[in-house]
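Below: the structure, in structure tokens.
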Amino acid sequence: MSIQLYNTLSGKKEPFVPLHPGKVRFYACGPTVYNLFHLGNGRMFVAFDTIRRYLEYRGYQVDYVQNFTDVDDKIIQRANADGTGVREIANRYIEEYFRDADALGIKRATVHPRATESIPEIIRFIGDLVTTGYAYVRGSNVYFDTSAFPGYGKLSHRSVEDMRSGFRIDVNEEKQDPADFALWKAAKPGEESWPSPWGEGRPGWHIECSVMSSKYLGDEIDIHAGGQDLIFPHHENEIAQSEAHSGHQFVHYWLHNGPLNINGEKMSKSLGNFIMTRDLLLNRPARVIRFFLLSAHYRHPLNYTDEGLEQAVQGMERIDRCLRNLEFRQAALHPGLEFSQRVGDDGTHAQQRADGVRSEFVAAMDDDFNTADAIAAIFEGVRLANTDLEDARVGLASTQAWLNLLRELLSILGLHEPELAAQSVSSADIEAMIAQREAARKRRDFAAADKLRQDLENQGVILEDTLQGTRWFRK
RNA sequence: GGCGCCAUAGCCAAGUGGCAAGGCAGAGGUCUGCAAAACCUUUAACCCCGGUUCGAAUCCGGGUGGCGCCUCCA
């Protein structure tokens with residue numbers, strides 16, 4: 001069974017067949033670097049990073065390109081507001097992007113191109129469109145002529161007629177048609193600009209993605225991804241430019257993620273409900289945030305609430321505890337310990353069930369990257385592993401099968417091992433106190449034993465008694 | 001006005017023609033000196049009205065409610 005994915009272009013789920021067997025050319029729209037990225041951006045980055053990871057897991061070699069839009073009105077505004085230069089703003093927020101993205105477990109792209117690094121290619125591309133009659137020049141502005149491209153509207157499934165009837169399109173005297181859009185914008189005084197055949201100016205928004213996509217991946221690629229709100233006009237315009245330019249199909253599969261809402265409403269500055277990913281990262285483990293973002297299907301709306309995030313904390317902890325408990329069992333089985341004498345378990349049964357869980361996980365992910373179902377499969381693995389742990393005879397082979405499975409599946413989702421908390425007590429001190437407590441318990445001095453446990457808990461160390469001895473972890 | 005999406009238990013969220021996953025929260029039990037962890041059992045759901053069908057949460061039509069895009073917002 002192959003991977004099925006929902007293609008915005010066709011409006012259907014389709015089997016994924018790459019242009020070149022075993023290889024995937026994947027372009028994901030990146031941030032405009034004028035600020036930290038908000039949780040909606042974070043959702044998009046995590047969603048497509050996860051899809052990329054899964055494609056790699058399924059054996060594809062993925063060339064993943066994610067751009068930085070580093071020339072834009074908002075960057076200029078920010079630079080003016082801060083009294084600094086646009087390059088400084090862009091560089092700063094590219095750095096900040098990596099800080100948050102790395103924390104969220106988002107893999108670095110194969111290439112992270114910046115629009116300003118492709119100005120000559122952009123100018124050439126626009127020049128070609130002018131030459132072939134797809135674009136027209138008005139002073140130092142260049143516009144794309146949408147009426148020259150018959151397929152215009154095929155991605156967003158609307159016609160130019162529909163758009164004309166909409167009264168919200170600004171009428172720009174220079175444009176031949178309200179649906180036309182800028183490829184090259186004449187420089188305004190004081191703005192960063194580049195020389196071009198049409199005069200000083202800078203690229204329009206849409207052209208950079210078309211150019212960088214073809215520059216790094218070729219003019220026909222497998223996947224192009226972004227938020228649903230980019231379908232129109234951004235991606236529609238990219239198709240028009242790229243296909244007018246190349247004369248053939250630009251992208252085979254268009255993937256779009258759903259919106260992230262806050263308490264049921266769209267994030268907006270006027271509502272004051274903007275959530276920066278950074279702010280969440282300061283208060284919660286990054287993997288909990290990632291887990292939360294993956295808890296719904298990527299195409300569906302995801303509603304952020306404090307309670308929802310709290311539920312993600314609990315869910316993530318259930319998985320982490322299972323890993324910890326499996327690891328403790330293995331430590332307790334260490335050769336030389338009395339307990340290991342009693343173990344007889346070749347792990348076959350656990351391995352079979354682990355394989356079954358893996359199959360469920362893969363089936364879920366094959367079905368348009370259904371991470372919610374995939375996470376359900378992980379929980380099934382957790383339950384089965386915990387059930388095994390209930391049996392004192394279950395030993396190294398079984399626990400290893402479960403650990404291997406859970407680590408494998410978590411890593412596909414980019415949810416790696418728990419982070420180590422700050423350490424206020426050394427492991428040796430903890431072990432010593434556990435030994436003291438054990439002695440107190442042996443002489444049935446439970447008051448002393450409980451005090452030791454409480455002392456450790458006050459320092460963030462939790463003790464749990466098991467048949468194999470006392471296990472501990474830092475909270 | 002045009003285009004489109006969504007509605008499943010207290011909460012989150014899969015499923016999309018054949019006995020309604022999973023997580024969180026709740027209840028009971030087992031284990032334990034106690035606690036924790038864990039396991040077992042359990043409570044509880046397909047917005048409304050029509051239609052198609054042997055059979056609909058799932059398909060079609062109509063409502064109601066919520067949301068998105070049509071503004072260089074992911």
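Per chain, numbering begins at 1; letters A, B, ... match sequence-line order. Note that the structure is a prediction, hence the values are computed from the model and not measured.
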Listed by chain and number, what are the side chain to side chain contact (heavy atoms under 4.5 Å, CB included) partners of [X], not counting sequence neighbours?
X	value
A/Val111	A/Val65, A/Pro113, A/Tyr216
A/Ala372	A/Asn370
A/Asp100	A/Leu36, A/Phe37, A/Arg278, A/Leu281

State yes or no: are the ring centers of A/Phe68 and A/Phe98 separated by less than 6.0 Å? yes
Minimum heavy-atom separation for A/Val86 to A/Glu192, with atom names?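 That closest heavy-atom pairing would be CG2-OE1, 3.1 Å.
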Suppose we define a pair by two distances each less than 3.5 Å, Watson-Crick or G-U wobble; what does [N] pair with here?
N	answer
B/C54	B/G18
B/C34	none
B/A9	none
B/U42	B/G26
B/G61	B/C49
B/C67	B/G4

Between [N] and [M], how far apart are the two [atom1] atoms, rounded to whole Å?
N	M	atom1	value
B/G17	B/A7	P	15 Å
B/U8	B/A21	C1'	12 Å
B/C48	B/C39	C1'	42 Å
B/A27	B/U43	P	15 Å
B/U41	B/C31	C1'	15 Å
B/G62	B/U52	C1'	15 Å
B/A57	B/U53	C1'	15 Å
B/C59	B/U16	C1'	10 Å

Could you run through nucleotides 4-18 of chain B and give me one letter per nucleotide, 5' to 3': B if any protein heavy atom sits under 4.0 Å from the base, S if only the sugar-phosphate is that close, - if neither? -------BSSSS---
Base-contact (B) and sugar-phosphate-only (S) positions in nucleotides 30-43 of chain B, heavy-atom cut-off under 4.0 Å, - elsewhere: ---BBBBSBSS---
Tell me what A/Gly258 touches on the nucleic acid: a base, only sugar-phosphate, or nothing, going by heavy atoms under 4.0 Å. base
Contact class for A/Ile231 vs. all strands (heavy atom < 4.0 Å): base, sugar-phosphate, or nothing? nothing
Could you tell me whether A/Glu96 and A/Arg99 make a salt bridge, using a distance below 4.0 angstrom between a side-chain N and a carboxylate O?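 Salt bridge between A/Glu96 and A/Arg99, a charged N being under 4.0 Å from a carboxylate O: yes.
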Using a strict threshold of under 4.0 Å (side-chain N to carboxylate O), is an ion pair present between A/Arg284 and A/Asp279?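 A/Arg284 and A/Asp279: not salt-bridged.
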Most 5' of A/Gly204 and A/Glu380 on RNA chain B, judged by nearest nucleotide: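 Closer to the 5' end of RNA chain B: A/Glu380.
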Could you list the residues that satisfy ring pair (Phe, Tyr, Trp, His ring centres under 6.0 Å) with A/Trp472, not counting sequence neighbours?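 None.
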When the distance from [atom1] of [X] to [atom2] of [N] is rounded to whole Å, what number comes out?
X	N	atom1	atom2	result
A/Glu360	B/G22	CD	P	10 Å
A/Ile375	B/C24	CD1	P	12 Å
A/His224	B/A74	NE2	P	13 Å
A/Asn257	B/A74	CG	C1'	6 Å

If you round to the nearest 0.5 Å, how far is NE2 of A/His349 from CZ of A/Arg353?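 The distance works out to 3.5 Å.
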Which distance, rounded to the nearest 0.5 Å, do you find between the CZ of A/Phe274 and the CG of A/Leu39? 10.5 Å
Relative to A/Tyr34, does A/Arg78 satisfy both conditions: NZ or CZ under 6.0 angstrom from the six-membered ring centre, and within 45 degrees of the ring's axis?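 Not satisfied by the 6.0 Å and 45° rule.
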